[in-house]
Amino acid sequence: MEDLPVHVMVDILSRLPVKTIIHCKCVCKKWLHLVSDSYFADIQLSRSPIGLKIYHYSEKELMGRPKLRVLKWVEVKDDVNHHHLHHDPLMSLDLNLAPIFQDSQILLMGSVNGLICLWQVCVKSDNIYICNPITREYMILPRQQYHGKGYAINVHCFGVSLLSHEYKVIRIFQRVLILPRNITSSSSSSSQPSLLEAEVYTLGTGQWRSLGHVVYKINGFHGPYLNGHAHWSIVVDQDSLEEIYAFDFDKETFKLFPSPPVETIQGSRFHFRTLAVVKGCLCQSDTFDSQFTMWVMKEYGVKKSWEKEVIIKKSISPSIDWLMSGPIYPIERLNDGTILMVYYQDKLLIYSPKGRTIANSELFDNCVSGMLYCPSFHKLQNFESERVYVF
């Protein structure tokens, strides 16, 4: 092995399972150096198996143990004739190992090239973190203080510029104003008084930059990243031609983005809308109290390419009444058409279009959220001007 050229060693090691590569780092200093190199990280990422990153949490203390806050990696074995989900507990990352994550709520904001963006929401802090569960590194982005009356609802997206290859976090403050008692707002929900301001953080710079005002109010707390853009569903506005808002990570500009045909159901008491990326395509999911639908954009940026691929009606089974009472986030589509979905930060679901059935994966107890994830060995220490911590 010692006589092999370096490029051959890199080629061999990069093809091994992630867990085996981690063990290889302990064999000798030469292998440790190879695996820690950015060139190896790029090669390994190009061959990295697609899986899921599940945030499993619980607000209850059991048997004197701290509240559960664990990032778990689920491998998706998608063979020709069958598929299954595999979770190795040894590949989990317990966030409680860092005191700063204790007694707080964590939301997954997105993952790019093996790096994960986390948003910490608690009374004492409102922080954004970038971490790599494989190298067990994390960094804390500088906190921006909110100044002004009322309160702010934050919206995020984590992505990378296609031209400069810079990693960025976009954040939008939706600051709800408090009106004097003698002034009332319009009855339209799209025109409630608010101030929308955006800022962007480029990893390695150590500071946020203001992007000024934003035109449209956004639904949810985060948006999917695809093709160098962030995507959000916006609050319906009579002046907007589309219902999706996009941010270009290269130009750092906003624009309306082609959305699928408007869908309404007479008499529906509620409507939850979510955006996701499935098999490299932008998807929009709409949940009403009587049915769930999923639209897929077959050709990126082309409005006519939107197709409705999934329709799940409550009438097919009385046992899925609960499914229509919260937002659903598709994560991945398998080779046989099976779709993995997360229901309302609660359950990891498996939908089979052939049998038109939905089942709980039962890999974890309740209280989970998840997203598509490709493990990588990219080191956060490569970003200059950032202070990096290790779990």
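What you are looking at is a predicted structure, and each value in this text was computed from that prediction instead of being measured. For the single chain, residues carry numbers from 1 onward in sequence order.
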Asker: For a quick check under 3.5 Å, do Ser161 and Asp250 share a side-chain donor-acceptor pair by atom type?
Answerer: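 Looking only at side-chain atoms, Asp250 and Ser161 do form a donor-acceptor pair, the distance falling under 3.5 Å.
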Asker: Is a side-chain N or O of Gln174 found less than 3.5 angstrom from the main chain of Leu196, in a donor-acceptor match?
Answerer: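 Looks like no, no N/O pair under 3.5 Å.
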Asker: Counting C-beta onward and ignoring hydrogens, is there a side-chain heavy-atom pair between Phe377 and Leu45 closer than 4.5 Å?
Answerer: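 No; the side chains remain at least 4.5 Å from each other.
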Asker: Measure the spacing between CD1 of Ile172 and CG of Leu211 and express it to the nearest 0.5 Å.
Answerer: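 Output value for this atom pair is 9.0 Å.
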Asker: When rounded to the nearest 0.5 angstrom, what is the spacing between NE2 in His271 and CD1 in Ile265?
Answerer: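 If we round to the nearest 0.5 Å, His271:NE2 and Ile265:CD1 are 8.0 Å apart.
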Asker: So does His213 have more than 12 non-hydrogen atoms from other groups sitting under 6.0 Å from NE2?
Answerer: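 Counting other residues, nucleotides and ligands, NE2 of His213 stays at 12 neighbours or fewer.
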Asker: Looking only at heavy atoms, what is the nearest atom pair of Phe254 and Ala198, with distance?
Answerer: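 Heavy atoms only, the tightest pair is CZ-CB, 3.7 Å.
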Asker: Might you work through the side chain to side chain donor-acceptor pair (under 3.5 Å) test for Ser164 and Glu166, ending with a clear yes or no?
Answerer: CA-CA 5 Å; Ser164 65; Glu166 295 176 318; 3.2 Å; yes
Asker: Counting only pairs under 3.5 Å, give me each side-chain donor-acceptor contact of residues 26-38, with atom names and distances, residues two or more places apart or in other chains.
Answerer:
| from | atom 1 | to | atom 2 | distance (Å) |
| --- | --- | --- | --- | --- |
| Ser36 | OG | Leu32 | O | 2.7 |
| Asp37 | OD2 | Tyr39 | N | 2.9 |

Asker: Within the side chain of Ser14, is there an N or O that forms a donor-acceptor pair under 3.5 Å with the backbone of Val10?
Answerer: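 Yes, because the side chain of Ser14 sits within donor-acceptor range (under 3.5 Å) of the backbone of Val10.
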Asker: What are the two closest heavy atoms between Val169 and Trp208, and how far apart are they?
Answerer: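 Closest heavy-atom pair between Val169 and Trp208: O-CZ3, 3.6 Å.
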Asker: Taking a hydrophobic cluster as the set of Ile, Leu, Val, Met, Phe, Trp and Tyr residues connected by side-chain heavy atoms closer than 4.5 Å, whether directly or through intermediates, do Val368 and Phe101 fall within one such cluster?
Answerer: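 Val368 does not cluster with Phe101.
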Asker: Quick check on the hydrophobic clustering: are Val388 and Tyr201 connected, directly or via other members, by side-chain heavy-atom contacts under 4.5 Å?
Answerer: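 Yes; Tyr201 is reachable from Val388 via cluster members.
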Asker: State, without any angle test, whether Ser325 and Tyr343 hold a side-chain donor-acceptor pair at a distance under 3.5 Å.
Answerer: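 There is such a pair between these side chains.
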Asker: Looking at Val278 and Cys283, what are the two nearest heavy atoms and their distance?
Answerer: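 Here Val278 and Cys283 meet closest at CB-SG, 3.7 Å.
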Asker: Any donor-acceptor pair under 3.5 Å linking the side-chain atoms of Ser92 with those of His56?
Answerer: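 No pair is found: no donor N or O on one side chain lies under 3.5 Å from an acceptor on the other.
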Asker: Which heavy-atom pair separates Pro375 from Val18 by the least distance, and what is that distance?
Answerer: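 Closest approach of Pro375 to Val18, heavy atoms only: CG-CG2, 3.7 Å.
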Asker: Looking only at side chains, do Gln120 and Tyr129 share a donor and an acceptor under 3.5 Å apart?
Answerer: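 Tyr129 and Gln120 do have a side-chain donor-acceptor pair below 3.5 Å.
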Asker: When you measure from the side chain of Asp78 to the backbone of Asn335, do you find a donor-acceptor pair of N or O atoms at a distance under 3.5 Å?
Answerer: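 Pair found, side chain donor or acceptor close to backbone of Asn335.
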Asker: Less than 4.5 Å apart, side chain to side chain, heavy atoms only: is that true for Ile50 and Val76?
Answerer: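 Counting from C-beta outward, Ile50 and Val76 never come under 4.5 Å.
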Asker: Is there a side-chain contact between Phe364 and Lys72 in this structure, where contact means two heavy atoms from C-beta onward sitting under 4.5 Å apart?
Answerer: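 Yes; the side chains approach each other to less than 4.5 Å.
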Asker: Please answer whether the main-chain N or O of Phe173 pairs with a side-chain N or O of Asn154 as donor and acceptor at a distance below 3.5 Å.
Answerer: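 Answer holds: no.
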Asker: Could you give me the CA-CA distance, side-chain angles and deciding distance for Asp94 and Arg69, then say whether salt bridge (charged side-chain N to carboxylate O under 4.0 Å, His left out) is met?
Answerer: CA-CA 6 Å; Asp94 187 354; Arg69 288 180 179 83; over 6 Å; no
Asker: Do Leu348 and Met341 land in one hydrophobic cluster if side-chain heavy atoms of ILVMFWY residues count as linked below 4.5 Å?
Answerer: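 No; tracing contacts between hydrophobic side chains, which count when under 4.5 Å, never links both residues.
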Asker: So does Asp248 pair up with Lys255, basic N to acidic O under 4.0 Å?
Answerer: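 No, this pair does not count.
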Asker: When you check the side-chain N and O atoms of Ser233 and Gln284, is any donor under 3.5 Å from an acceptor?
Answerer: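 No donor-acceptor contact under 3.5 Å links the two side chains.
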Asker: Are Leu85 and Leu71 linked, directly or through intermediate hydrophobic residues, by side-chain heavy-atom contacts shorter than 4.5 Å (ILVMFWY only)?
Answerer: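 Hydrophobic grouping puts Leu71 apart from Leu85.
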Asker: Take Leu97 and Leu95 through the test side-chain contact (heavy atoms from CB on, under 4.5 Å) and record every step on the way to the result.
Answerer: CA-CA 5 Å; Leu97 295 175; Leu95 296 183; over 6 Å; no
Asker: Can you tell if the side chain of Arg273 reaches within under 4.5 Å of the side chain of Asn219, non-hydrogen atoms only?
Answerer: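 No, their side chains stay 4.5 Å or more apart.
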Asker: So with a 6.0 Å cut-off around CZ of Phe391, is the heavy-atom count from everything else above 12?
Answerer: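 More than 12 within 6.0 Å, yes.
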Asker: Which donor-acceptor pairs under 3.5 Å do the side chains of residues 298-307 make with protein atoms, sequence neighbours left out?
Answerer:
| from | atom 1 | to | atom 2 | distance (Å) |
| --- | --- | --- | --- | --- |
| Lys298 | NZ | Glu309 | OE2 | 2.2 |
| Tyr300 | OH | His231 | NE2 | 2.8 |
| Lys303 | NZ | Glu242 | OE1 | 2.9 |
| Lys303 | NZ | Ser259 | O | 2.6 |
| Ser305 | OG | Glu299 | N | 3.1 |
| Ser305 | OG | Glu299 | O | 2.9 |
| Ser305 | OG | Val302 | O | 2.6 |
| Trp306 | NE1 | Pro258 | O | 3.2 |

Asker: Given the rule in the side-chain contact (heavy atoms from CB on, under 4.5 Å) test, do Lys77 and His83 qualify, once you have shown the distances and angles that lead to the verdict?
Answerer: CA-CA 5 Å; Lys77 303 293 185 179; His83 60 261; 6.0 Å; no
Asker: Between Tyr57 and Ile106, is any pair of side-chain heavy atoms under 4.5 Å apart?
Answerer: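 With C-beta onward as the side chain, the pair stays apart.
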Asker: Check ring-ring contact (aromatic ring centres under 6.0 Å, His included) between Trp295 and all other residues, then give those that pass, not counting sequence neighbours.
Answerer: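 Partners of Trp295 by the ring-ring contact (aromatic ring centres under 6.0 Å, His included) criterion come out as none, since no residue qualifies.
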Asker: If you round to the nearest 0.5 Å, how far is CD1 of Ile339 from CG of Leu334?
Answerer: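 One gets 9.0 Å once the value is rounded to the nearest 0.5 Å.
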Asker: If you group Ile, Leu, Val, Met, Phe, Trp and Tyr by side-chain heavy-atom gaps below 4.5 Å, do Val390 and Ile134 land in one group?
Answerer: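 No; Ile134 is not reachable from Val390 via cluster members.
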Asker: Hydrogens and angles aside, do His378 and Asp42 bring a side-chain donor and acceptor to less than 3.5 Å of each other?
Answerer: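 Note: His378 and Asp42 side chains meet the donor-acceptor criterion.
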Asker: Would you confirm whether the ring centroid of Phe270 sits within less than 6.0 angstrom of the ring centroid of Phe288?
Answerer: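 No, they do not, as the ring centres are separated by 6.0 Å or more.
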Asker: Is the centre of the Phe383 ring less than 6.0 Å from the centre of the Tyr167 ring?
Answerer: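 So the answer is yes for these two rings.
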Asker: As a quick check of understanding, evaluate side-chain contact (heavy atoms from CB on, under 4.5 Å) for Thr274 and Ile328, giving each step before the final call.
Answerer: CA-CA 7 Å; Thr274 61; Ile328 299 174; 5.6 Å; no
Asker: Parallel, tilted or perpendicular: which describes the rings of Trp119 and His156, with under 30° parallel and over 60° perpendicular?
Answerer: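 Trp119 vs His156 ring planes: tilted.
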Asker: Can you confirm whether Glu263 sits close enough to Thr293 that some side-chain heavy atom of one is under 4.5 Å from a side-chain heavy atom of the other?
Answerer: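 In contact.
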Asker: Which is it for Tyr225 and Phe249 under the ring pair (Phe, Tyr, Trp, His ring centres under 6.0 Å) test, yes or no, and what are the steps along the way?
Answerer: CA-CA 10 Å; Tyr225 168 82; Phe249 277 87; 5.4 Å; yes
Asker: Do His87 and Trp73 have ring centres separated by under 6.0 Å?
Answerer: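 Between His87 and Trp73, the centre distance exceeds or equals 6.0 Å.
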Asker: Take Glu137 and Lys379, measure what salt bridge (charged side-chain N to carboxylate O under 4.0 Å, His left out) needs, and give me the verdict at the end.
Answerer: CA-CA 7 Å; Glu137 299 172 311; Lys379 299 179 68 63; 3.6 Å; yes
Asker: Assess whether side-chain contact (heavy atoms from CB on, under 4.5 Å) is satisfied between Ser111 and Phe158, documenting all intermediate values.
Answerer: CA-CA 7 Å; Ser111 176; Phe158 177 48; 5.9 Å; no
Asker: Taking side chain as C-beta onward, heavy atoms only, is Ile116 less than 4.5 Å from Lys53?
Answerer: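 Of all side-chain heavy-atom pairs linking Lys53 with Ile116, at least one is under 4.5 Å.
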Asker: Report the distance from atom OG of Ser290 to atom NZ of Lys313, rounding to the nearest 0.5 Å.
Answerer: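 Between Ser290 OG and Lys313 NZ, I get 6.5 Å after rounding to 0.5 Å.
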Asker: Give the minimum heavy-atom separation between Pro330 and Ser285, together with the two atoms involved.
Answerer: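 Looks like CG-OG, 3.2 Å.
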Asker: Less than 4.5 Å apart, side chain to side chain, heavy atoms only: is that true for Val214 and Tyr245?
Answerer: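 Result yes, sub-4.5 Å side-chain heavy-atom pair found.
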Asker: If you compare all heavy atoms of Pro260 against all heavy atoms of Ile244, which two are closest, and at what distance to 0.1 Å?
Answerer: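 Nearest pair, atom of Pro260 first, then Ile244: CD-CD1, 4.3 Å.
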